[in-house]
Amino acid sequence: MPLRRFNRLGFRKGGLNLARKLSFGDLADIHVLDTRQFRSDQPAGDNFGSTDVLPAADAGLLEAVLGEEIFDEAGINDPAATMLGGRQELWLAKNLRKSNATWNILAQQVMQMRWNLRATAELTLALNPQTPPAALYAVKQVTETLNVDAWDGYPAARQRLFKIFDALRPNNPVVLTGDIHSSWGANLLKDFSDPDSDVLAAEFVCSGISSTFLTPDPRPTAAIVAASIQENPHIEFFDGVYRGYVLCDVNHERWRTEWRGVGTPADLANPNPLALVPMPGDPVFTTAAAEVKAGFNQLDSKERVRLTDNNLA
């Protein structure tokens, strides 16, 4: 990869300095983060994980059926776990404290929002005719299933970041994310267990441009994942069907995100499993849009990310 000489002067010996700040007048500061190079190893064997403490028989049965480690309370809750590394955390805090821009954008790699996919895990097992009845009973005892490759696998690191958001109240933090091959919009809450908690930041996740959501026909996967959204009220939007990009229209008063999908809404009803794979010449349409007003993260503000259009509903 072509890199500037500056990039070779890493936060630690042998690392690469890929984090940087880009400023656009008084409108926006973009803080480009590196969540790959300095983070701790993923807990739960780098699969999906849970901090639940179940009876050993139930936990062992579920792990055997799924073929992977799931229950790793100590690993997921490790207070020393980091996503950015200490020096990058400090660098970001200093940037946010000094910023006078209307919007502070964190461009980074994996979802910060909490996503409890417990309902998705339960539905996945229920749809598999090979799942033993005892495993179906056991999975109903699980209250939390997490994607530990994202910030959900590093709650202590996320809490440190959120404490920065809370203490500094920088102007309008917006997190831009990718990696998960699907589209999301969410309010990042001070306390995800309280839907009325303060909004500390907004997050918008872009789908892959060409890679589908796990399978060539993403509709079954998207439907199973959608089952979990009701248990995550801070999530305003999810779409796992369309490939595309995100268009952000920003001024000093408001932020507007449009999720742009390749194809047309009619593709949803096409039985061809490749109907939702983008092809040359396909049109592009707005699948959904969301807005948030400047000042949304200030104390006593009631502003939140709100979906303004949803052409998939």
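Every value quoted in this text rests on a predicted model; they were computed, and no experiment measured them.
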Exercise for review: Determine, for Arg39 against Asp34, whether the closest basic-nitrogen to carboxylate-oxygen distance falls under 4.0 angstrom.
Suggested key: no
Check your understanding: Can you tell me if NZ on Lys190 sees more than 12 non-hydrogen neighbours from other groups inside 6.0 Å?
Key -> no
Exercise for review: Locate the shortest heavy-atom distance separating Ala44 from Gly49; write the atom from each residue and the value.
Suggested key: CB-CA, 3.9 Å
Exercise for review: Please report the shortest heavy-atom distance between Phe238 and Ser182, naming the atom on each side.
Suggested key: CE1-CB, 4.0 Å
Review point. Are any non-hydrogen side-chain atoms of Arg158 and Leu188 less than 4.5 angstrom apart?
Key: no
Review point. Side-chain contact, heavy-atom cut-off 4.5 Å: Pro216 with Leu274?
Key: yes
Revision key, fill the gap. Applying side chain to side chain donor-acceptor pair (under 3.5 Å) to Asn187 and not counting sequence neighbours gives none
Practice item. I would like to know whether Lys293 and Glu253 meet salt bridge (Lys or Arg N to Asp or Glu O under 4.0 Å); could you show each step before the answer? Key: CA-CA 6 Å; Lys293 293 182 180 178; Glu253 286 74 44; over 6 Å; no
Exercise for review: Would you check if there is a donor-acceptor pair between the side chains of Gln42 and Asp149 at a distance under 3.5 Å?
Suggested key: yes
Exercise for review: Return yes when atom CG of Asn272 has more than 12 non-hydrogen atoms of other residues, nucleotides or ligands closer than 6.0 Å, and no otherwise.
Suggested key: yes
Revision key, fill the gap. Closest non-hydrogen contact found for Cys206 with Gly244 is SG-O, 4.1 Å
Point to revise | Same apolar cluster: Val284 and Leu312, side chain cutoff 4.5 Å | key: no
Check your understanding: Can you tell if the side chain of Leu96 reaches within under 4.5 Å of the side chain of His31, non-hydrogen atoms only?
Key -> yes
Review point. With under 30° as parallel and over 60° as perpendicular, where do the rings of Phe192 and His234 fit, or are they tilted in between?
Key: tilted
Point to revise | Residues Ser193 and Asp191: side-chain donor-acceptor under 3.5 angstrom | key: yes
Exercise for review: Locate the shortest heavy-atom distance separating Val305 from Ala290; write the atom from each residue and the value.
Suggested key: CG1-CB, 4.0 Å
Check your understanding: Hey, does Leu276 have a side-chain heavy atom less than 4.5 Å from the side chain of Arg219?
Key -> yes
Practice item. Flag the pair Val246 / Arg260 as yes when at least one side-chain heavy-atom distance between them is below 4.5 Å, and no otherwise. Key: no
Review point. Under the 3.5 angstrom rule, does the side chain of Asn172 hit a backbone N or O of Thr102 as a donor-acceptor pair?
Key: yes
Review point. Is the Phe204 to Phe237 ring centre distance short of 6.0 Å?
Key: no
**Study point:** Modelled atom types, side-chain donor and acceptor of Gln109 and Thr177, under 3.5 Å
**Key:** no
Practice item. Would you please say whether a donor-acceptor pair under 3.5 Å links the side chains of Thr257 and Trp259? Key: no
**Study point:** Ile209 CD1: over 12 foreign heavy atoms closer than 6.0 Å
**Key:** no
Point to revise | Under 3.5 Å side-chain donor-acceptor pair for Arg256 and Thr308 | key: yes
Review point. Do the non-hydrogen side-chain atoms of Asn104 and Val174 ever get within less than 4.5 Å of each other?
Key: no
Practice item. In plain terms, say whether Arg87 and Glu89 are close enough for a salt bridge, that is, a side-chain N and a carboxylate O under 4.0 Å apart. Key: no
**Study point:** Check: Asp152 and Trp115 side chains under 4.5 Å, non-hydrogen atoms
**Key:** yes
Check your understanding: Within a strict 4.5 Å, meaning less than it, do heavy atoms of the Leu299 and Asp198 side chains meet?
Key -> yes
Exercise for review: Could you tell me whether the side chains of Asn311 and Thr287 share a donor-acceptor contact shorter than 3.5 Å?
Suggested key: no
